[in-house]
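Here the structure comes first, spelled out in structure tokens, and everything after it is commentary.
Just so you know, ligand 1 is whichever comes first in the structure, and atom 1 is the first atom listed for that ligand. One-based numbering along the sequence shown. Given the structure is predicted, the values throughout are model-derived calculations rather than measurements.
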Amino acid sequence: MDASERQSLIRSVRQRLESLARAGVDRIALPEIAPPPAREKPSIAAVKVIEMAPAVPIRPVAAPRPVAPPVSSRSLFEEPKIEEPILSPDDRVAALATLAADVSICVRCPQLAESRTQTVFGIGSPTARLMFVGEAPGADEDRLGEPFVGRSGQLLTDMITKGMGLSRAEVYIANVLKSRPPDNRPPMREEIAHCLPYLERQIEIIRPEFLCLLGKSAVTALLETVLPMNRLRGKWHRYRGIPTVVTWHPSYLLRQPSAKKEAWEDLQLLMQAMGLKAPDRQKPAS
Ligand code: URA
């Protein structure tokens, strides 16, 4: 850039700044100029423009306006909400049946497709207010084709019925993986990625008011966080706009019964938000 081009650039920057000042703008954000690579000479134009800016008096000609917070289209930490239309109960039944049929022939994870007896899609009401999300089918679920029917399933059923006063049929229960991992090993990242679209679609179709994530795999699949379970439970999160509670997986509670107290606190968070009262405990007949 020669001297006259430089003068012309400085003049037009000065005019622009003066016109902004007349319009009441009393501060501007300089665009970030990436530092040049270490061995390259910095561009003279860039350096000179930055040097010139403070020299230009930018005083408001009118009363200063309140400075609005920076506008960003969406916070980095805010998940986009579900855009799909809410389906009628009949359409939900049909959409879930179509999805279940797709799941039943899925071979995205060849090892799981090879070893499973059948896929385990989900169970419960297509209009459920509350949806539980577990990890993956175990041996009992693989055999029966229904989530949470083994020992940890019995505990989850007790949490739902005796704890929350709901029935299994009133809620919806699904897993991150729809196929049993061999030897009940934890799901692999790739398997979660393969299966996640099915769970996401289940949530879109059912559109529960609340989600309860049971254990780390459900958290890893649906929430963008690296925090451990003990930092996540006991408070509200959001998955695509849906208020979400994280709690211990029932199989962890079977191994660690002292954590049941915390799981109960987590259920109470949900119950309070859902307007549910714990059922009266039946006194044993004397
Ligand atoms: N554990 C899960 O996460 N899901 C089931 O369905 C059963 C056990």
Main-chain N/O of Phe148 paired to Ser152 side chain as donor or acceptor, under 3.5 Å: no

Is the number of heavy atoms from other residues, nucleotides or ligands under 6.0 Å of Glu84 CD greater than 12? yes

Ligand 1 atoms nearer than 4.0 angstrom to some heavy atom of Glu135 are 2 (C), 3 (O)

Any idea which part of Glu141 is under 4.0 Å from ligand 1, heavy-atom wise: side chain, backbone, both or neither? side chain

Tell me which one of Ala136, Gly138, Ala139 gets a heavy atom nearest to atom 5 (C) of ligand 1. Ala136

Using side-chain contact (heavy atoms from CB on, under 4.5 Å) as the criterion, point out the one residue from Val103, Val133, Leu99 that pairs with Gln202. Leu99

Yes or no: does Ser251 have any heavy atom under 4.0 Å from an atom of ligand 1? no

Pick one of side chain, backbone, both or neither for how Pro147 approaches ligand 1, counting any non-hydrogen atom pair under 4.0 Å. both

Rounded at 0.5 Å granularity, tell me how far CD in Gln268 sits from CE in Met274. 14.0 Å

Taken in chain and number order and not counting sequence neighbours, the residues that satisfy salt bridge (charged side-chain N to carboxylate O under 4.0 Å, His left out) with Asp266 are Arg233

What protein heavy atom sits nearest atom 4 (N) of ligand 1, and how far away is it? Asn175 OD1, 2.8 Å

Among all protein heavy atoms, pick out the one at the shortest distance from atom 8 (C) of ligand 1; state its residue, atom name and that distance to 0.1 Å. Ser152 OG, 3.5 Å

Pull out every atom of ligand 1 sitting under 4.0 Å from any heavy atom of His249, numbered as shown with elements. 1 (N), 2 (C), 3 (O)

Under 4.0 Å from a heavy atom of Gly134: which atoms of ligand 1 are those, numbered in the order shown and with their elements? 3 (O)

Closer than 3.5 angstrom, by distance alone: can the side chain of Glu141 be matched with the main-chain N or O of Ala136 as a donor-acceptor pair? no

Does atom NZ of Lys162 have more than 12 heavy-atom neighbours from other groups under 6.0 Å away? no

